[in-house]
Amino acid sequence: MGFAEQRFNVNLSILFTELPLLERPAAAAAAGFTAVELWWPWVDSPTPERSELDALKKAIEDAGVQLTGLNFYAGQLPGPDRGALSVPGEESERFRANIDVAADLAASLGCRALNALYGNRVEGVDPAEQDALALENLVLAARAADRIGAILLIETLNKPESPLYPLVTAPAGVGVVDRVNEATGLGNAKFLMDLYHLSMNGEDLPSVIEQYASKTGHVQIADNPGRGAPGTGTLPLEELLDQLTKAGYEGWIGLEYKPGDRPSAEAFEWLPAEQRAAH
């Protein structure tokens, strides 16, 4: 089995970032990939101009790639922020303003997965208050995702790199998934299983896969240490993806790793060219 059995997409917010945003879909296609995913590209604006949205849509369509995942507005990412939906005040309002904008962009491109980063803990704010706000906003996001036939993803990050982010274990992430599904009755909230973040947290990855594959809507990979391409670290990624397949996971595998000191197009030598197109 191994990598040959997987459906990969390229995260254009961490790979090909040496290129302007609108050139990245074509670069991924030139490297042999047929599917891409994105963090929210406009870090300063949850509601960019229609012309900007249309330009990105055209770039993706012209490249002939499928957008398979899109983040809701998450603040300065990359940067100090890890989401907006649990942050009271202006950031929560920005997230809410973004919900339908992101959902409509996703719908226009046939994208069926929307990722909502939870947001950091805020000094001086009761965590219970933040969690209540988060649930309110995630319910809104789940309903918007349902409107376009999409799933809502909840992601676990890692504590060393995101010390203020509260979801730093698989059970914590899945717990939020369960609460959102209970609140909406829609069942479209799913776990985003990022094997790099989970390994950075020291979790037992085979056990996580065994327990939570059935609640997982998307998987992302990078090697550890270093968050580089598969083979640059010590994670047995082929074996872990095989286990996911055997556990019934049939979704996308997002390549969310750093290319290192080289052009992104050179960071895929671990994956033969004929295995890059989705099948």
Side-chain angles (χ1 to χ4, degrees), residues 9-30 33-87 89-119 133-134 136-155 186 188-189 192 217-218 252 254 256 264:
N9 65 48
V10 177
N11 189 302
L12 298 181
S13 299
I14 193 168
L15 285 153
F16 296 108
T17 57
E18 65 269 29
L19 300 173
L21 173 65
L22 298 183
E23 295 179 19
R24 296 176 204 170
F33 293 94
T34 56
V36 299
E37 63 182 30
L38 279 165
W39 303 342
W40 185 249
W42 299 278
V43 296
D44 293 318
S45 178
T47 55
E49 295 293 329
R50 167 56 57 187
S51 59
E52 293 187 80
L53 295 163
D54 288 345
L56 178 58
K57 180 175 184 287
K58 184 176 188 299
I60 290 170
E61 291 175 336
D62 287 352
V65 293
Q66 173 67 43
L67 182 69
T68 57
L70 178 66
N71 282 20
F72 288 107
Y73 169 79
Q76 298 291 321
L77 184 75
D81 299 332
R82 296 292 186 271
L85 63 90
S86 69
V87 180
E90 184 180 352
E91 280 299 88
S92 171
E93 293 305 316
R94 287 160 75 88
F95 177 82
R96 290 190 185 194
N98 173 250
I99 290 174
D100 283 333
V101 177
D104 289 346
L105 176 61
S108 74
L109 287 160
C111 173
R112 296 290 179 258
L114 290 161
N115 182 26
L117 284 169
Y118 200 81
L133 177 63
E136 285 181 29
N137 283 334
L138 286 167
V139 165
L140 295 173
R143 289 176 178 152
D146 181 66
R147 170 172 66 81
I148 66 163
I151 59 173
L152 173 71
L153 296 168
I154 310 294
E155 183 172 7
L186 296 171
N188 69 330
L192 196 167
H218 186 47
W252 294 95
E256 197 187 49
S264 295

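Quick caveat, the model's predicted, so the values are computed rather than measured.
Shown here for Ala28 and Leu12, the closest heavy-atom pair between the two residues is CB-CD2, 4.0 Å. The shortest heavy-atom contact between Ala63 and Ala26 is CB-N, 3.5 Å. In this structure, Thr68 and Ala113 approach most closely via the heavy-atom pair O-CB, 3.5 Å.
No side-chain donor-acceptor contact under 3.5 Å links Ser86 to the backbone of Ala134. Remark: the backbone N or O of Asn9 is not paired with any side-chain donor or acceptor of Glu37 at under 3.5 angstrom. The backbone N or O of Ala142 lies less than 3.5 Å from a partner atom in the side chain of Asn188, making a donor-acceptor pair. In this structure, the side chain of Thr47 does not engage the main chain of Asn98 through any donor-acceptor pair within 3.5 Å. Remark: side-chain polar atoms of Arg94 are paired, donor with acceptor, to backbone N or O of Asp44 under 3.5 angstrom. Of the possible polar contacts, one joining the Gln66 side chain to the Leu109 backbone as a donor-acceptor pair under 3.5 Å is found. With Asp81 contributing its side chain and Gln76 its backbone, the two residues share a donor-acceptor pair below 3.5 Å. A donor-acceptor pair under 3.5 Å links the side-chain atoms of Trp40 to the main chain of Ser45, judged by distance alone.
Once rounded to the nearest 0.5 Å, the distance linking CG of Asn137 with CZ of Phe95 reads 5.5 Å. How far OH of Tyr73 is from CD of Glu91: 3.5 Å, rounded to the nearest 0.5 Å. The distance from atom CZ of Arg112 to atom CG of Leu67, rounded to the nearest 0.5 Å, is 10.5 Å. With values rounded to the nearest 0.5 angstrom, Leu56 atom CG is found 5.0 Å from Leu21 atom CG. Between Glu256 atom CD and Ser13 atom OG the span is 8.0 Å, to the nearest 0.5 Å. Considering CD1 of Ile151 and SG of Cys111, their distance stands at 9.0 Å, rounded to 0.5 Å.
Side-chain contact between Arg24 and Thr17: present, with at least one pair of heavy atoms (C-beta onward) separated by less than 4.5 Å. Between Leu114 and Ile99 the shortest side-chain heavy-atom distance does not fall below 4.5 Å.
Using a cutoff of 4.0 Å between basic side-chain nitrogens and carboxylate oxygens, Glu61 and Lys58 are not scored as salt-bridged. We find that Arg147 and Asp104 are joined by a salt bridge, their nearest charged nitrogen and carboxylate oxygen being less than 4.0 Å apart.
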Would Arg82 and Glu155 satisfy salt bridge (Lys or Arg N to Asp or Glu O under 4.0 Å), going step by step from the backbone distance to the final call?
CA-CA 10 Å; Arg82 296 292 186 271; Glu155 183 172 7; over 6 Å; no

Quick one: do Ile60 and Val65 satisfy side-chain contact (heavy atoms from CB on, under 4.5 Å)? Show the steps, please.
CA-CA 6 Å; Ile60 290 170; Val65 293; 4.1 Å; yes

Determine, stepwise, if the pair Val10 / Phe16 fulfils side-chain contact (heavy atoms from CB on, under 4.5 Å).
CA-CA 9 Å; Val10 177; Phe16 296 108; 4.0 Å; yes

Stepwise, does the side-chain contact (heavy atoms from CB on, under 4.5 Å) test hold for Val101 with Leu53?
CA-CA 9 Å; Val101 177; Leu53 295 163; 4.0 Å; yes

Apply side-chain contact (heavy atoms from CB on, under 4.5 Å) to residues Asn11 and Leu38 and explain how you reach the verdict.
CA-CA 6 Å; Asn11 189 302; Leu38 279 165; 5.8 Å; no

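Partner of Leu70 under the side-chain contact (heavy atoms from CB on, under 4.5 Å) criterion, chosen from Asn115, Leu153, Leu105: Leu105.
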